[in-house]
Amino acid sequence: MAAFASVWRPHLQSTESDSALASFHCIPSSSRLVKLPEKLTFTAFSSSRSLCGLKEILDFSKYQGLGNDFLLVDNRDSAEPKISPEQAVKLCDRNFGVGADGVIFAMPGINGSDYSMRIFNSDGSEPEMCGNGIRCMARFVANLENAAETRSYNIHTLAGLIIPKLREDGQVEVDMGAPILNAPDVPTKLTSSKDGAVVKVPLNVDGENWLVTCVSMGNPHCVTFAREDGKDLEVNCLPLEKIGPLFEHHEVFPARTNTEFIQVISRSHVRMRVWERGAGATLACGTGACAVVVAGVLEGRTEKKCTVDLPGGPLEIEWRENNHVYMTGPAELVFEGKAFL
Ligand SMILES: N[C@@H](CCC[C@H](N)C(=O)O)C(=O)O
């Protein structure tokens with residue numbers, strides 16, 4: 001099992017942080033009580049130096065969007081991710097690793113795009129897209145480029161071209177593209193109920209019938225506002241850890257699914273909790289929030305412009321006349337570090 005000792009340094013403006021890297025040494029147990037010198041020596045690791053048999057060091061930047069947190073990797077020099085899905089699982093572990101909902105790779109552009117983005121969930125699976133993640137990636141590449149505060153990026157993803165824009169107010173607005181409603185393309189085996197889409201269709205989970213609407217934002221989402229009794233959900237009282245995996249792995253979702261549980265506050269304000277495919281209960285899901293507004297409109301519950309309250313904070317979502325869904329929210333750098341693989 002690879003060990004991870006990482007240098008935690010808050011994002012400092014000065015360059016002095018580049019040299020002040022703590023050096024971690026494996027101290028044989030017999031000498032564990034050795035008194036450390038008053039002032040720890042700080043040395044920079046050469047990337048080739050092994051440490052306790054660990055061979056590789058991975059530079060990463062930890063970002064979060066409403067508490068949905070990711071390790072961003074500067075992968076601009078390669079068309080292949082720098083680490084494997086298995087290494088990503090270990091890195092995402094919140095006890096034995098750095099801790100994150102996923103690892104995102106900023107990679108060279110494809111077909112004329114500025115960059116391309118790939119992501120591994122914390123279970124090592126690779127989703128097509130990540131809404132909070134692409135806001136973090138836009139902030140990450142702007143920091144790498146020392147770019148102006150306000151600019152857009154064309155980013156190629158497995159869900160197509162996605163366009164995040166850094167705004168003067170510090171928020172990031174993203175053109176998330178058009179929702180995909182045709183049942184086989186979500187994908188779901190549920191029978192469509194409205195023009196090829198699955199809208200307010202009963203789905204039996206754990207012996208209960210839930211009314212679900214299925215939307216893809218490049219990745220699959222199952223949105224529910226109520227059980228078959230039609231009563232509004234009390235989303236903060238749902239046993240997500242129990243029912244989340246049952247939705248995620250339900251046989252009607254051949255690619256698994258993200259599941260959003262929604263309480264309508266008003267026609268322009270909803271409360272959401274989410275069980276994510278490959279990541280479990282997260283504090284926020286951007287693609288999920290987009291799918292929720294689309295589902296709310298299709299079910300006649302919400303307007304096309306909504307505030308979606310998530311445990312990590314609010315996202316502003318708008319399904320515009322061009323059929324694209326726009327998401328606006330924050331993306332913040334937390335720290336930079338080095339992981340030993
Ligand atoms: N949290 C992300 C979604 C990440 C991918 C998702 N777990 C999936 O597997 O589809 C977001 O903000 O969209």
Side-chain angles (χ1 to χ4, degrees), residues 62-72 81 85 88-89 92 94 99-105 117-140 155 157-160 162-164 171-180 185-188 214-223 240 244-245 247-250 253-262 272-295 308-317 324-332:
K62 179 82 180 282
Y63 280 76
Q64 59 84 14
L66 299 181
N68 194 198
D69 59 342
F70 304 96
L71 307 184
L72 273 295
V89 171
C92 290
R94 295 191 185 278
D101 290 327
V103 182
I104 291 177
F105 305 93
M117 176 181 88
R118 287 180 63 181
I119 170 174
F120 291 153
N121 281 318
S122 55
D123 75 345
S125 61
E126 180 169 5
E128 302 80 355
M129 231 309 265
C130 176
N132 290 317
I134 204 155
R135 296 200 315 273
C136 291
M137 174 154 160
R139 181 77 66 207
F140 176 58
I155 298 181
T157 73
L158 295 179
I162 304 294
I163 308 171
Q171 297 289 290
V172 185
E173 178 184 304
V174 187
D175 173 353
M176 297 284 282
I180 298 162
D185 298 329
V186 172
T188 180
C214 298
V215 179
S216 168
M217 292 304 298
N219 57 349
H221 294 273
C222 171
V223 181
L240 235 50
F247 277 91
E248 177 183 359
H249 297 278
H250 200 292
F253 299 114
R256 298 189 287 165
T257 190
N258 300 283
T259 306
E260 289 80 18
F261 302 88
I262 308 302
M272 165 178 158
R273 287 187 66 200
V274 59
W275 180 269
E276 284 198 35
R277 175 183 65 170
T282 61
L283 294 182
C285 181
T287 51
C290 294
V292 162
V293 174
V294 172
V308 179
D309 277 348
L310 297 127
L315 282 173
E316 299 302 327
I317 308 293
H324 284 203
V325 184
Y326 291 76
M327 166 191 67
T328 302
E332 293 168 11

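Every number for a ligand or one of its atoms is a count from 1 in the order of the listing. Treat the numbers as computed from the prediction; the structure is a model and nothing was measured.
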Protein heavy atom at shortest distance from atom 12 (O) of ligand 1:
G286 N, 2.7 Å
Between N219 and ligand 1, which part of the residue brings a heavy atom under 4.0 Å of the ligand: side chain, backbone, both or neither?
side chain
Can you list the atoms of ligand 1 that are under 4.0 Å from a heavy atom of P127?
5 (C), 8 (C), 9 (O), 10 (O)
Can you sort out the partners of E248 under side-chain hydrogen bond (donor to acceptor under 3.5 Å, both in side chains), two or more places apart, ordered by chain and number?
R256, W275
My understanding is that only residues two or more places apart in sequence, or in another chain, count here; which of them pass side-chain hydrogen bond (donor to acceptor under 3.5 Å, both in side chains) with E126?
R118
OG1 (T157) and CD1 (I104) are apart, to the nearest 0.5 Å, by 11.0 Å
In this structure, atom 6 (C) of ligand 1 is nearest to the protein heavy atom N258 OD1, 3.3 Å
Is it the case that ligand 1 has an N or O less than 3.5 angstrom from some N or O of C285?
no
Going by atom types only, do H250 and T257 share a side-chain donor-acceptor pair under 3.5 Å?
no
Spatial distance of atom CG (L240) from atom CZ (F261) [nearest 0.5 Å]:
5.5 Å
How close does the nearest protein non-hydrogen atom get to atom 13 (O) of ligand 1, and which residue and atom is it?
T287 OG1, 2.6 Å
Point-to-point distance, once rounded to the nearest 0.5 Å, from CG of L66 to SG of C136
9.0 Å
Atom 3 (C) of ligand 1: nearest protein contact (heavy atom, Å):
E276 OE1, 3.3 Å
Per-atom filter on ligand 1: closer than 4.0 angstrom to a heavy atom of G131 are 11 (C), 12 (O), 13 (O)
Distance-only, no hydrogens or angles: does the D69 side chain make a donor-acceptor pair with backbone N or O of D101 under 3.5 Å?
yes
Give the atom numbers and elements of ligand 1 that come within less than 4.0 Å of a heavy atom of N132.
11 (C), 12 (O)
Judged by non-hydrogen atoms, does T282 sit under 4.0 Å from ligand 1?
no
Just let me know how A279 lines up against ligand 1, side chain, backbone, both or neither, with a heavy-atom cut-off below 4.0 Å.
neither
Side chain, backbone, both or neither: I119 near ligand 1, heavy atoms under 4.0 Å
neither
P164 side chain reached by R139 side chain, heavy atoms, under 4.5 Å
no
Is the contact between M129 and ligand 1 made by the side chain, the backbone, both, or neither, using heavy atoms and a 4.0 Å cut-off?
backbone
Nearest protein heavy atom to atom 2 (C) of ligand 1, by residue and atom, and its distance?
C130 SG, 3.3 Å
Establish, yes or no, whether a centroid distance under 6.0 Å links the rings of F253 and F247.
no
